[in-house]
Amino acid sequence: MRRLLPDPGPTTVEQQLDTYRPWEEPRGERPLIAVNFAATVDGRATIGGVSGPIGSGADTEMLAGLRTRFDAVMIGAGTMRAERYGRIIDDQGKRERRERIGLPHDPLMVIVSGRLDLPWDAPLFTGGGGRVLIFTASEAEPPPTATSLRIVRHRSSVNIVEAMRQLRQERGIRALLCEGGPGLHSELEGAGLVDDLFLTIAPKLVGGEAPRIIEGDLPGVTELELAWLLQEDSELFARYRRP
Ligand SMILES: NC(=O)c1ccc[n+]([C@@H]2O[C@H](COP(=O)([O-])OP(=O)(O)OC[C@H]3O[C@@H](n4cnc5c(N)ncnc54)[C@H](OP(=O)(O)O)[C@@H]3O)[C@@H](O)[C@H]2O)c1
């Protein structure tokens, strides 16, 4: 892997992320919030309805590396239904590395769901490792899960600003990584909550109806600045931030 910006030269995912310490920068009443997406050159965020075929092995390594740098990882219900997550860090060595840098063993897995219509047979719920917190507007009761599960209910829809405040104030979350999808990303951007955007640009064209990394209206144009740009073969790894 090469770093193109800043300071061009050889690097690795691990070296690059070693300098990234988001837990040291909570934003007052809320955590620092980063979002990670992989997209094709024509801006599509899925191939065949899922994200896996977009990026290369280096993209998977970047995602796995990012997961070791945050107190919490968050997804929307649409992503949970499409991707059927398991335990967010499935490698004991990586969990121990987190503890050595002062992070909890497992990140808190956060899901945002209006209807609580989730794939309860997915390994995230049946595996028994880690902790899951669901923000929902539904009054429905979830089935019993092997994994520790907590439900936080909001009225009519989840208030994302309040949810982020609750994570910081009541759960001590200092830094949160949102892995999508496009619906939840729109809400976070619309509320001005995204500090860092990690975007993998995969050298592929897909066309068709696949979603982009934001699906929904934004209140205006958001200007971003490029914090770093990495390259492996024809794939680019950008980190953008709000100036
Ligand atoms: N390329 C990538 O890096 C990437 C990353 C992630 C996902 N994806 C893809 O994106 C697709 C899913 O997109 P999506 O936009 O449907 O997913 P999403 O953003 O993960 O989920 C949308 C759902 O989240 C819930 N939600 C979000 N905000 C809410 C609020 N304020 N209050 C209540 N509920 C709220 C709603 O759940 P309910 O339906 O329960 O009401 C809504 O339907 C999948 O195909 C996935 O593979 C791609």
Side-chain angles (χ1 to χ4, degrees), residues 30 33-56 58-67 73-86 88 109-120 122 124-125 132-142 151-167 176-194 196-206 208-218 235-240:
R30 68 165 176 86
I33 299 172
V35 171
N36 182 70
F37 267 98
T40 62
V41 167
D42 58 332
R44 307 297 164 164
T46 60
I47 297 178
V50 289
S51 58
I54 294 178
S56 67
D59 176 56
T60 306
E61 198 188 334
M62 179 64 78
L63 179 62
L66 281 170
R67 287 175 175 178
V73 173
M74 179 169 78
I75 55 172
T79 298
M80 186 61 202
R81 287 189 285 265
E83 311 277 350
R84 296 180 58 84
Y85 273 53
I88 200 75
M109 185 70 206
V110 179
I111 301 176
V112 180
S113 174
R115 299 174 283 138
L116 217 54
D117 173 20
L118 295 170
W120 299 108
L124 179 68
F125 299 120
V132 180
L133 185 152
I134 302 178
F135 287 104
T136 186
S138 167
E139 293 297 324
E141 280 304 322
I151 305 278
V152 178
R153 295 180 206 276
H154 287 194
R155 231 181 241 151
S156 73
S157 72
V158 175
N159 178 326
I160 204 72
V161 174
E162 174 61 9
M164 295 304 105
R165 194 199 63 76
Q166 287 176 307
L167 286 176
L176 173 141
L177 174 68
C178 176
E179 297 186 2
L184 185 56
H185 185 201
S186 306
E187 294 220 18
L188 291 170
E189 290 286 0
L193 290 173
V194 180
D196 272 324
L197 171 60
F198 291 88
L199 179 65
T200 299
I201 303 164
K204 295 175 185 172
L205 296 168
V206 179
E209 298 295 314
R212 291 161 294 184
I213 67 167
I214 288 191
E215 288 294 319
D217 294 331
L218 294 183
E235 195 164 45
L236 294 172
F237 300 87
R239 174 184 159 210
Y240 293 96

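Since the structure is predicted, the reported quantities are computational estimates derived from the model, not experimental observations. Numbering of residues begins at 1 and proceeds along the displayed sequence. Just follow the structure's listing: the first ligand is 1, and inside any ligand the first atom is 1.
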Checklist entry - Does a side chain donor of either Glu83 or Ser51 reach within less than 3.5 Å of an acceptor in the other side chain? => result yes
Checklist entry - Protein residues near ligand 1, heavy-atom distance below 4.0 Å? => result Phe37, Ala38, Ala45, Thr46, Gly49, Val50, Ser51, Ile54, Gly76, Ala77, Gly78, Thr79, Arg81, Ala82, Glu83, Val112, Ser113, Gly114, Arg115, Ser157, Val158, Glu179, Gly180, Gly181, Pro182, Gly183, Leu184, Glu187
Item to check | Within 6.0 angstrom of Tyr240 OH, more than 12 heavy atoms from elsewhere | outcome: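 No, because the 6.0 Å sphere around OH of Tyr240 holds 12 heavy atoms or fewer from other groups.
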For a quick test of reading the model, state the closest non-hydrogen atom pair linking [X] to [Y] and the distance between them.
X: Asp117; Y: Arg81; value: O-NH1, 2.9 Å
X: Val158; Y: Ala163; value: CG1-CB, 4.2 Å
X: Ala210; Y: Arg44; value: O-NH1, 3.1 Å

Next on the checklist: side-chain contact (heavy atoms from CB on, under 4.5 Å), that's the test. Do Glu187 and Leu193 meet it? Break it down for me.
Outcome noted: CA-CA 9 Å; Glu187 294 220 18; Leu193 290 173; over 6 Å; no
